[in-house]
Structure formats: C-alpha cells, structure tokens
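Per chain, numbering begins at 1; letters A, B, ... match sequence-line order.
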Number of protein chains: 2
Amino acid sequence: MDTAVAAGNDGSDFPQADSSAMAGAAAWPKHSEARERLLQTASDLFYREGIHSVGIDRIIAEARVTRATLYRHFPGKEQLVAAYLLGEDTALRDSIAAAVASIPPDKILDAILEGIADDIGRHHTRGCPFINAAAEFPDPTSEVRRIVDEHRRWFRSSLEQALESAGHSSPKAGAASLVLLRDAALVGGYLDGVEATRAAFIRTAKTVLAAD
Amino acid sequence: MDTAVAAGNDGSDFPQADSSAMAGAAAWPKHSEARERLLQTASDLFYREGIHSVGIDRIIAEARVTRATLYRHFPGKEQLVAAYLLGEDTALRDSIAAAVASIPPDKILDAILEGIADDIGRHHTRGCPFINAAAEFPDPTSEVRRIVDEHRRWFRSSLEQALESAGHSSPKAGAASLVLLRDAALVGGYLDGVEATRAAFIRTAKTVLAAD
DNA sequence: TCCAAGATAGACAGATCGTTCTATCTTGTC
DNA sequence: GACAAGATAGAACGATCTGTCTATCTTGGA
C-alpha cells in the first residue's frame, strides 16, 4: 500500500474547502515533535493494518520513539487508539465546518456528497476508521465505542442541518438515508472498488434527495 | 450480549423460507461432534468479539476441546477463520436459494429486503461478519479477503438476478444500490440501533426500487 | 549556568500468542 | 480382540504482547 494514501490527521478533501481553518489550528497547544510523530505513525498503522494487529513494539519502532515516550504521553494503548479516532473526527469536523462556511446552503449537500465520493478514492481507501474500529471493539462501554458513537451522532446531525438549511422537506429522514449511503460508500470503496462504488453512491444519493 | 442472538451457522431468517433445505443439509458429510463444537464456538467468538482479539486458548477452553483436536482439523487459526466465514456464506446462500425457490419473482425483492431488515435485529446484531473480517484483514491476497470478495460477488449477482426476473429496467444499477444499502443496514444496525436503521433501510430501498 | 521537561536506550515482568508434540484414552467397526 | 480414527490432557517452544522502570542525555528558558 502506498504511503501517500495512508490515513492520518490530514482530513478529507471537500471541494472548495477553505484553507483558512488551518491557520486557526496553529493557535492550539503545541505538542512535542516526538508525540506528534508517534501519534501520526500509530494512526497510519491502525488505519492501514487494523488496531489489534499492530503492537506497541511496531509502533515505537516505526515512529522512532521509545517506550517511555509513548507511556509518557499516553497511559496505554487504548488511549493511543482514542487519540487516533479523535484525530480522524476532528479532521472531518474541520472539513465540514470549512465547507459550510464557504459554500451556500443550496449547494452544500452536493458538496458533501462530492466530498464523500472524493474521500473514498483519495484518503479513506481502507474503509471507514470508525466502522473498522467498531469491528475490533465490541464492548459498547469502551472509550473507543463512545468516540465512534459521538462521531456518528455529530455526522448525522450535520447532515440534518445541511438538509434543513437547503430547504429539504424531511431533514431527519433524508439524513438517515444519507448516513446509510455514506457508510456504504466507505465500505464499498474498500471492498468493491472505488470507481463503481463512487458512481453507485452518487446516483443513489441523488435518487434519495430527489424523492423528497 | 445474549447468546440467543449470537451469530453462527444458523443463517439469516427470510420470511417464508422453506425449511425443506434443512433436510438437504443432512446429506452432507458429517463432521465429528468435537469439530463442530469447535467451529461453532470459534464462529460465535469471532463474530461477537472480533478475530484477533480471540486467541486459540480461549476458543479451545470454551469449546472444551484440546489443542491437538483443533490442529487436527484446522492447519492454523486462519483456516478456522476461513471456515467461520464460509459457514456464514453458506448459510446465507442457502437462505436466498430457499427464498428464490419458494417465492414468486415479483415478490422476491420485497422478501430479500424484509429478510435483511429482519436479520439485523435477530442475527447479525454485531454488524456484517464479512465487513468486520475485512476490517481486521487488510491484505487483499489473504484467504479471508478472497472469501469476503467471493461472497460479495455472489450476493451482488444474486440481487441482479432477482431484479432481472422481477422485470427491473436496470438490474445492475439497482443491485449496486441495494448492495450499498445492505452494507449500510448491517453497519447501522450495529452502531446506530436496529429500529431506526431498519426503517431507514426499508424506506431508502423502496425509494431506489421505485425510481427505476 | 542551572533546572525542568522531555527525549533516549534499553531491561524487565508476567501474560498471552499460535504452533508442535507426546502419551494415553475412547469409540466404532471388523 | 485388534485396529484405526479421533478424542483427551497437557507440556514445550519461540515469539510477541502491554505495561513498568532505571539511568542518562538533550534542549530551551530563566
């Protein structure tokens, strides 16, 4: 697998996304270079190879940090996994916020759909990080699952808002359908091929939007 | 989790499925009771808890077989995983074949959709075994992924055939959309709740079918 | 220069992992 | 009864797992 398509905290690409959000990110507390290298490496490995398949030894070797550095910044592996997922969540939230800030309400849905279609070919080529993590963490009370659930709640409600501001007649039902299709696009892009999935996703989503 | 909903080789329930197929199954070569107990236990654990999270020790302890028995029947863990997936595949194929044999062509699609909607609440409550396995096995050349791919090819083509025999105008496009929605139903049933997902799935699928 | 924060290089511990193997027992068939 | 197939009860192996810890070095700011 080509490292150029590795997932990390580089977010999804949405058409016409404004890069001014990146300037805002510079105001965040700055973590050490080693910590960032660690988290980036772990995130890549977790997304590309799965979470339980990748051990601490592998992560620190590839990140070129020591064990002590890892445990200094993260109390345990599960917290490292949580940080990976929160990174993915933040990146997508930033992308959606940027798109909403720069695209008129009547165009935002198309932009989101295009963004999803683009994402499955450019970044999330190994499925959805949240769905994949949920496959490996069956315990609904775990922190991983809490993050997954919160992410999905946010995404659904973002779609509802977009549908509402676009004047859609049933934003809740429309969002429910689009969440289904988003999930399916990520799974299908990984397992059935990007091009065919992209076409089916767009066509089906348009059908759904046109039906209301 | 209630063991009554644990996945295994008991297939999906499809409405009006004919139980005469169960009689046919009795003609198959009979495996030993220990082997069947082992495979059933492993399948339950793999589905409920994930594949890499469940070790050989756990499986043999819960199946009440020994290590030697396990390795006598399966050359390695990966072959046990393959057998689990093939069991899931066979069960679904049997269910679809039974439905096709007993339900008229103009009703088969509704039956399949109802079957999927029923399945996510009764059996596959922890997502799709194939999607979950693919999350844990990123190597496209592995046997696990070969089985997943073959399963998905079969399912897609079954939908195409059903759409064609029901007189649908574009069976390929329709099947592509329904595959998306089937994937999404299994993911959504696990992560977002069965009732809401079921309703959205049926409604969206009906929209898709009515659009052509 | 001093000091704190954070990095490095490991060693260590107990547990688990998947696989291989030996010895013995059990069961069904001839 | 003899025998083969398949079961049992482990032991052993080398590797890996996650987390804990010590000693020392490095860097930036006061």
Length of the [atom1]-[atom2] vector between [X] and [N], whole Å:
X       : N      : atom1 : atom2 : answer
B:Asp57 : D:dA11 : CG    : C1'   : 13 Å
A:Ile60 : D:dT16 : CD1   : C1'   : 13 Å
A:Leu80 : D:dG19 : CG    : C1'   : 13 Å
B:Glu78 : C:dT19 : CD    : C1'   : 14 Å
A:Arg58 : D:dT18 : CZ    : P     : 12 Å
A:Lys77 : C:dA15 : NZ    : P     : 20 Å
B:Arg72 : C:dT22 : CZ    : C1'   : 16 Å
B:Leu38 : D:dA7  : CG    : P     : 9 Å

Has [X] got a side-chain N or O lying under 4.0 Å from the OP1 or OP2 atom of [N]?
X       : N      : result
B:Ser32 : D:dA7  : yes
A:His52 : C:dC17 : no
A:His31 : C:dG6  : no
A:Thr69 : C:dG6  : no

Any B:Ser157 side-chain heavy atom under 4.5 Å of B:Gln161 side chain: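 They are in contact (side-chain heavy atoms under 4.5 Å apart), so the answer is yes.
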
Donor + acceptor pair across side chains of A:Asp44, A:Gln40 (<3.5 Å):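 Their side chains do contain a donor-acceptor pair, which is all the 3.5 Å distance test asks for.
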
A:His151 and A:Glu88 side chains, donor-acceptor separation under 3.5 Å: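 Not at all, the side chains of A:Glu88 and A:His151 share no donor-acceptor pair under 3.5 Å.
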
Evaluation steps, salt bridge (charged side-chain N to carboxylate O under 4.0 Å, His left out), between A:Glu49 and A:Arg126: CA-CA 9 Å; A:Glu49 305 199 12; A:Arg126 217 187 74 81; over 6 Å; no

Sequence-aligned protein contact record of nucleotides 23-30 of chain D, with B where the base is within under 4.0 Å of a protein heavy atom and S where only the sugar-phosphate is: --------

Sugar-phosphate only, base, or nothing, as touched by A:Arg37 at under 4.0 Å among non-hydrogen atoms: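 Sugar-phosphate contact only.
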
Selected nucleotide, minimal atom distance to A:Tyr71 side chain, candidates D:dT8, C:dG18, D:dG19: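 Looking only at side-chain atoms, A:Tyr71 lies closest to D:dG19.
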
Expected output: side-chain B:Arg67 to main-chain B:Ile60 donor-acceptor under 3.5 Å: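 Side chain of B:Arg67 to backbone of B:Ile60: no pair is present.
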
Taking every non-hydrogen atom, the tightest pair across B:Ser102 and B:Ala98: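 Looks like OG-O, 2.9 Å.
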
Smallest separation among heavy atoms of B:Gly188 and B:Thr197, with atom names: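 In this case the closest contact between B:Gly188 and B:Thr197 is O-OG1, 2.9 Å.
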
Any donor-acceptor N/O pair under 3.5 Å between D:dG19 base and A:Arg67 side chain: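 Counting by modelled atom types and ignoring angles, a donor-acceptor contact under 3.5 Å is found here.
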
